[in-house]
There are 2 protein chains.
Amino acid sequence: MVDTNICPKFEKALSILNKRWTALIVFQLLNGSQRFCNIESGIGISGRVLSERLKDLEKEGIVKRTVFDETPVRIEYTLTEKGKALEPILKQIQSWSDKWIETDDQTVV
Amino acid sequence: MVDTNICPKFEKALSILNKRWTALIVFQLLNGSQRFCNIESGIGISGRVLSERLKDLEKEGIVKRTVFDETPVRIEYTLTEKGKALEPILKQIQSWSDKWIETDDQTVV
DNA sequence: ATACTTACTTACATAAAGTAAGTTAATTAT
DNA sequence: ATAATTAACTTACTTTATGTAAGTAAGTAT
């Protein structure tokens with residue numbers, strides 16, 4: 001990447017949030033801990049990419065993976081404090097979309 | 001895409017903002033109108049993708065392209081009201097990154 | 001034993017982004 | 001007058017990211 005004069009922290013944040021699905025995964029987890037297959041079906045992401053994203057988000061300290069040693073084993077993904085702190089961003093996106101995005105109601109008759 | 005229970009306006013907003021470079025372009029234009037090459041060098045995007053993104057953003061009504069018929073012709077890109085309204089989102093991202101992203105100061109000696 | 005579920009991974013196909021060179025039109029430098 | 005430079009792109013080609021589908025391992029239900 002080329003040298004820019006933009007704050008590196010901000011750029012880092014964008015490089016995380018910019019990635020496809022990241023925001024939706026976080027949005028989904030704001031409703032509470034969820035299992036792999038629930039996130040998968042909840043937002044319509046493929047398992048391949050979800051697996052990849054969850055690893056990234058774990059590495060960034062945004063998501064925590066917890067294994068419950070029941071039988072069968074249960075694995076849950078939860079937002080960390082850092083992850084929960086993303087809520088105001090998503091809220092802002094929501095209110096922007098409410099104000100500025102039109103629903104092109106494509107109801108086929 | 002698979003059917004989800006997420007608000008379509010919100011999904012639409014994310015599909016715009018999620019795209020690589022979109023947020024940085026808007027961020028750059030919050031400083032005022034800019035020319036193609038200034039955005040290009042300002043954020044380190046390639047001309048190919050910048051051209052593509054500006055067209056997308058124009059289509060979404062976020063950016064306005066203005067041709068000044070001087071010689072040589074000058075073309076400026078400006079945020080519309082809809083585009084300016086994205087500022088609070090970027091501000092939120094900024095404050096999140098200030099609080100949660102660490103600078104891994106990789107100063108090579 | 002067979003089928004089903006969860007949480008993945010692997011292999012392969014398609015779409016998006018990066019790189020570099022080319023285009024057009026006008027401008028300035030020699 | 002010719003050559004080089006700048007702005008705003010486009011085109012061709014390569015690399016990376018994402019999607020699709022099938023496979024795996026461990027356990028459960030019938």
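In what follows, chains are A, B, ... by sequence order, proteins preceding strands, each numbered from 1.
Using a cut-off of 4.0 Å between Lys/Arg side-chain N and Asp/Glu carboxylate O, A/Glu81 and A/Lys84 are scored as salt-bridged. Ion pair A/Glu60/A/Lys12 flagged as a salt bridge, since at least one NZ, NE, NH1 or NH2 atom sits closer than 4.0 Å to an Asp/Glu carboxylate oxygen. Ion pair B/Arg74/B/Glu76 flagged as a salt bridge, since at least one NZ, NE, NH1 or NH2 atom sits closer than 4.0 Å to an Asp/Glu carboxylate oxygen.
Counting only residues at least two apart or in different chains, side chain to side chain donor-acceptor pair (under 3.5 Å) contacts with residues 23-40 of chain B comprise B/Ser33-B/Thr78.
The closest donor-acceptor contact from the side chain of B/Thr22 to the backbone of B/Leu17 lies at 3.5 Å or more, if one exists at all. A donor-acceptor contact shorter than 3.5 Å links the side chain of B/Thr80 to the backbone of B/Gly61.
Spacing between atom CZ of B/Arg20 and atom C1' of C/dT19 amounts to 13 Å, rounded to whole angstrom units. We find that CD of B/Glu76 is positioned 13 Å from P of D/dA7, with the value rounded to whole Å. In this entry the distance linking CG of B/Leu54 with C1' of D/dA7 reads 14 Å, nearest Å. In this structure, A/Trp21 places its CH2 atom 13 Å from C1' of D/dA17, rounding to the nearest Å. B/Glu40 places its CD atom 13 Å from the P atom of D/dT6, with the value rounded to the nearest Å. Rounded to whole Å, atom P of D/dT24 lies 19 Å from atom CZ of A/Arg48. Summarising the geometry, the separation between CD1 on A/Ile25 and P on C/dA7 is reported as 15 Å, rounded to the nearest angstrom. In this entry the distance linking CD of A/Glu52 with P of D/dT18 reads 6 Å, nearest Å.
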Show me the donor-acceptor pairs, under 3.5 Å and distance only, between side chains in residues 86-97 of chain A and residues at least two apart or in other chains.
from: A/Glu87; atom 1: OE2; to: A/Lys91; atom 2: NZ; distance (Å): 3.1
from: A/Ser95; atom 1: OG; to: A/Gln92; atom 2: O; distance (Å): 3.3
from: A/Trp96; atom 1: NE1; to: B/Lys82; atom 2: O; distance (Å): 3.0
from: A/Ser97; atom 1: OG; to: A/Ile93; atom 2: O; distance (Å): 3.4
from: A/Ser97; atom 1: OG; to: A/Gln94; atom 2: O; distance (Å): 2.8

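OP1 or OP2 of C/dA17 has at least one side-chain nitrogen or oxygen of B/Arg53 nearer than 4.0 Å. The phosphate of D/dA8 has OP1 or OP2 within less than 4.0 Å of a side-chain N or O from B/Arg35. At D/dT10, one or more side-chain N or O atoms of B/Lys55 fall inside 4.0 Å of OP1 or OP2 (strictly under the cut-off). In terms of phosphate contacts, B/Tyr77 brings a side-chain nitrogen or oxygen within less than 4.0 Å of OP1 or OP2 of D/dC9. Distances shown here put every side-chain N or O of A/Ser46 at or beyond 4.0 Å from the OP1 or OP2 atom of D/dT18.
Set against D/dG19, D/dA8, D/dT10, the side chain of B/Ile75 has D/dA8 as its closest nucleotide.
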Which pairs, protein N/O on one side and nucleotides 21-27 of chain C N/O on the other, fall under 3.5 Å?
none

